[in-house]
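Take a look at the structure below.
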Amino acid sequence: AVTLRDLPAVKLHPMWQGPLVVPGGDRQSPIDIVVRKSVFDSELKPLVTDYDPQTCQQIWNNGYSFLVEYDDTTDKSTLKGGPLQDKFRLCQFHFHWGESNAWGSEHTVDRRLFPAELHLVHWNSDKYSLFEEAVMEDNGLAVIGVFLKVGRRHEGLQKLVDALPAIRHKGSVVEFTRFDPACLLPTNTEDYWTYHGSLTTPPLTESVTWIVMKQHIEVSHDQLAVFRSLLFTSAEEEVQKSMVNNFRVQQPLCGRSVRSSFT
Ligand SMILES: NS(=O)(=O)c1ccc2oc(=S)[nH]c2c1
Ligand SMILES: [Zn+2]
């Protein structure tokens with residue numbers, strides 16, 4: 001398998017060339033999950049997701065990834081259970097991917113890279129009233145990470161793939177409704193690793209309880225190729241840049257332990 005060390009000198013987007021380590025940051029993300037060093041915690045419960053597809057609103061290209069955004073003004077699409085004590089509201093999901101199928105994920109498992117990684121982003125609606133507030137707080141966010149592997153076509157993903165040509169450029173947005181993000185979760189939602197980390201894009205705040213699923217999902221080569229047809233750049237810019245390798249370099253563990261919900 002390809003490991004980060006084998007990567008050719010991948011030219012990273014200016015955004016990820018930036019602060020490789022946040023000053024004073026001792027719980028940054030992403031990290032490599034060393035399976036044999038993870039600690040089984042029998043208190044960890046299965047994830048409980050309750051997503052309402054009616055809360056799906058739009059899909060847009062923010063110049064780093066593409067986001068599918070949900071109405072998070074009520075507790076209609078929520079995450080609880082797992083390592084969480086509170087109820088968290090789904091606000092968006094997005095992906096990170098590479099220019100080739102050999103790399104693209106942000107987290108790795110025993111240095112194993114995946115071609116892409118899905119992030120389902122939730123904020124603590126028991127303690128805060130807005131995402132913008134929660135993003136600055138210790139246990140403000142919960143992000144579910146799901147690895148993507150190239151294989152069978154993912155039928156649920158296709159509706160999203162078909163919408164991408166309409167948001168090729170940075171800043172473009174289209175209406176996107178009735179999409180159930182639960183279809184992107186693996187069948188096994190009991191087995192995961194969890195650790196305290198950060199956002200992997202600015203503002204890189206250390207407010208995330210990460211929940212990285214052990215089981216990956218499969219998407220087809222062609223579906224992933226459409227992700228790579230997106231652009232980092234807006235329509236006005238003269239030089240167009242393909243949206244690929246939008247992952248952050250891995251961060252020091254700084255003594256953190258990663259817990260597992262399974263043995
Ligand atoms: N890539 S990620 O860590 O899941 C993530 C999630 C939510 C975010 O909101 C801002 S702003 N940057 C973000 C990064
Ligand atoms: Zn992300």
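Remember, it's 1-based here, ligands and their atoms both numbered in the order they're listed.
- Taking the ring centre of Phe262 as origin, the terminal cationic atom of Lys214 falls inside the region bounded by 6.0 Å and 45° from the ring axis.
- Under the 30°/60° scheme for interplanar angles, the aromatic rings of Phe179 and Phe176 are found to be tilted.
- Residues that satisfy the side chain to side chain donor-acceptor pair (under 3.5 Å) test with Asp138, not counting sequence neighbours, are Arg27.
- Taking each heavy atom of Asn139 and Tyr128 in turn, the nearest pair found is OD1-OH, 3.5 Å.
- Within 4.0 Å of ligand 1, protein heavy atoms come from Gln92, His94, His96, His119, Val121, Phe131, Val143, Leu199, Thr200, Thr201, Pro202, Pro203, Trp210.
- Around the Zn ion (ligand 2), the protein contributes the following N, O or S atoms at distances under 2.8 Å: His94 NE2, His96 NE2, His119 ND1.
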Exercise. Evaluate the side chain to side chain donor-acceptor pair (under 3.5 Å) criterion for residues Gln240 and Arg168: first the C-alpha distance (whole Å), next the side-chain angles of each, then the deciding distance (0.1 Å), finally the verdict.
Key: CA-CA 10 Å; Gln240 299 295 332; Arg168 278 196 80 212; over 6 Å; no
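- Although no hydrogens or angles enter the test, the distance criterion places a donor-acceptor pair under 3.5 Å between the side chain of Trp210 and the main chain of Ser198.
- Aromatic rings from Phe66 and Trp97 are positioned such that their centres are separated by under 6.0 Å.
- Residues forming a ring-ring contact (aromatic ring centres under 6.0 Å, His included) with Phe147 (at least two apart in sequence, or on another chain): Phe114.
- In this structure, His107 and His119 have perpendicular ring planes: the angle between them is above 60°, well past the 30° mark.
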